[in-house]
Structures are given as C-alpha cells and as structure tokens.
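Quantities reported herein were computed from a predicted structural model and do not represent experimental measurements.
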Amino acid sequence: PPTPYTTLVGRVRCEREIKRSKFIAVAASVPDERAAMSFLNEVKDPRATHNCWAYKVGEQFRYNDDGEPSSTAGKPIYSAIISSGIDMVMVVVIRYFGGIKLGTGGLVRAYGGVASECLKDAPTCLVKPKARVGMEVPFDLLGTVYNQLQHFHAEDIKQDYDTGKDGTVVVMFKVEYEKIEGLGNAVNSACSRKIELLQ
C-alpha cells in the first residue's frame, strides 16, 4: 500500500530581497502534474524577469530555470523540496531583477534559500492514503456495519443494490490502508459472521 506523506496545508508565500532583486516564493500542495501546471499558470507573473519552479508528486518531479543559467534556479528549488521532506508540492519562485547580477553561486543560494525559507515554517499535515473497499452486507446488518464505518472514519460511502445477492447491498467506501484489517475484524465481530472486504 502507498505510504503516508507530509504535504502543505493551504498556500504559503515568502519574499526576500537580495542585492536589489526581489524573490517571491509561493508554494502549495498539488495532487498531480496537471494541478502543478495550473498552479504555475495561476501564480506566475508575466512581468517578472523569471518564474522558476519545481514540483514533487510522489516519485515524479520536474523543475525549470525559466531562462536563468542552467541548474541555478529550478534544481535548488527542487533540492529545497527534498530537504523539507514535503511531498505532493510545488514551489514557484518569481524574480524581479534589480540591476545587480548575482553570479551562478549567488543564484543557487537565492533560489534555494527563498524556497527553503518558504517551506520551513509552512503548516503541514500527514496524509494517510485511502483504499477503496467494498463489502456485501445483508440488509438486516446495514446499521451495524454503518456504525463500524463511522468508528473507522470511512469516507465517500456509496450503496449499490443491484450487484449483490438477494437480500444484500454492496457498500463501497474509502478507508485508510492501515485501518482495513481492524475494520474487517470489527465488522465481523459486531455482525457475528464473516463479511468479506473486497479491495
């Protein structure tokens, strides 16, 4: 099963001035690459000198220097994401050039630094991935099963009266992977019979 991960709660913003250049980092949680690209389109400023970015979505990642010398912007932003331990996240750093060149080392420190600062004190949460699970429940035990589903914080509960055997209903729901076994045992114990969990 997928492992739990830490991601951002909401959007964070951080601003720094380095040798008259203004750097603004904006970060947010993104579920996939498409969401990352739409976040970039939403926050980038076409009037800025550069809109550099990086994202990490599980094993997938990308970064972009947007015209800065190669590996001086996107890669340090990505390194800041890795160091933070945050996943499913995108950081965009917007630079307004102030007339003084920073050099490659200065750029790496500026982009990496403002991205790190942005993520350092950002509010985060632990996300525990959920599995979609189903069970075929006799009508007379629906109430008992629903009590257990609530107790185990199951979400997105749906009923299907057409696919089960006569006198049963297929109940589909999402629950954290690590709770599946406990939920199965609790349902069987409360119902005094074996009800299979279908994954």
Side-chain angles (χ1 to χ4, degrees), residues 1-132 153 155-156 158 174-177:
T3 50
Y5 61 89
T6 300
T7 194
L8 292 180
V9 176
R11 188 176 286 197
V12 281
R13 190 174 189 277
C14 179
E15 204 171 300
R16 272 174 73 190
E17 191 169 304
I18 301 163
K19 294 189 177 170
R20 299 220 304 263
S21 271
K22 191 156 95 173
F23 291 84
I24 299 168
V26 192
S29 175
V30 289
D32 52 38
E33 182 177 9
R34 214 162 109 199
M37 292 297 100
S38 78
F39 176 68
L40 171 65
N41 289 329
E42 183 191 330
V43 299
K44 72 179 179 185
D45 182 354
R47 295 164 309 175
T49 322
H50 304 279
N51 292 276
C52 306
W53 52 268
Y55 70 77
K56 180 180 184 309
V57 176
E59 298 301 305
Q60 284 187 304
F61 67 90
R62 269 180 69 195
Y63 49 80
N64 188 294
D65 296 311
D66 190 38
E68 291 283 29
S70 180
S71 297
T72 60
K75 202 169 183 180
I77 297 169
Y78 178 66
S79 296
I81 292 173
I82 296 299
S83 304
S84 75
I86 297 171
D87 198 359
M88 312 302 267
V89 66
M90 179 170 208
V91 181
V92 180
V93 179
I94 302 156
R95 180 189 184 191
Y96 300 91
F97 183 59
I100 298 170
K101 288 187 184 286
L102 300 183
T104 54
L107 288 171
V108 169
R109 284 190 297 277
Y111 280 102
V114 73
S116 289
E117 201 175 302
C118 186
L119 296 172
K120 191 177 66 188
D121 300 320
T124 59
C125 64
L126 183 67
V127 176
K128 295 180 176 179
K130 294 177 175 63
R132 169 132 316 275
H153 305 292
E155 294 172 358
D156 196 17
K158 294 183 171 71
K174 281 184 182 167
V175 69
E176 290 171 11
Y177 279 91

How long is the span from the CZ atom in Phe97 to the CG atom in Leu102, to the nearest 0.5 Å?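 Nearest 0.5 Å value for the CZ-CG distance: 7.5 Å.
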
Distance (rounded to the nearest 0.5 Å) between Ile94 CD1 and Glu15 CD: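 Going from the CD1 atom of Ile94 to the CD atom of Glu15 covers 9.5 Å.
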
Over all heavy atoms of both residues, which pair between [X] and [Y] is shortest? Give the atoms and the distance, please.
X      : Y      : answer
Lys19  : Ile100 : O-CB, 3.7 Å
Leu126 : Pro4   : CD1-CB, 4.0 Å
Val108 : Ser71  : CG2-O, 4.0 Å
Asp65  : Ser70  : OD2-CA, 3.5 Å
Val89  : Ile81  : CG1-CG2, 3.6 Å
Pro123 : Val12  : CD-CG1, 3.8 Å

[Y] and [X], any side-chain heavy atoms less than 4.5 Å apart:
X      : Y      : value
Glu68  : Tyr111 : yes
Asn51  : Pro46  : no
Val43  : Arg11  : yes
Leu119 : Leu8   : yes
Lys56  : Tyr78  : yes
Ile82  : Phe61  : no
His153 : Lys130 : no

Qualifying residues under ring-ring contact (aromatic ring centres under 6.0 Å, His included), relative to Phe39, sequence neighbours excluded: none

Between Cys52 and the options Asp66, Val92, Thr72, Leu107, the side chain to side chain contact (heavy atoms under 4.5 Å, CB included) test singles out Asp66

Just list the side-chain donor-acceptor pairs under 3.5 Å for residues 20-37, sequence neighbours left out, or say none.
from  : atom 1 : to    : atom 2 : distance (Å)
Arg20 : NE     : Gly98 : O      : 3.4
Ser21 : OG     : Arg95 : NE     : 3.2
Ser21 : OG     : Arg95 : NH2    : 3.1
Ser21 : OG     : Gly98 : N      : 3.0
Ser29 : OG     : Thr7  : OG1    : 3.1
Ser29 : OG     : Met88 : O      : 3.4
Asp32 : OD1    : Arg34 : N      : 3.3
Asp32 : OD1    : Ala35 : N      : 2.8
Glu33 : OE2    : Tyr55 : OH     : 3.1
Glu33 : OE2    : Arg62 : NH1    : 2.8

Tell me which pairs pass salt bridge (Lys or Arg N to Asp or Glu O under 4.0 Å) where either residue lies in residues 108-120, with sequence neighbours left out.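 Of all non-adjacent pairs touching residues 108-120, those that pass salt bridge (Lys or Arg N to Asp or Glu O under 4.0 Å) are Arg16-Glu117.
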
Side chain of Asn64, backbone of Gly74: donor and acceptor closer than 3.5 Å? no

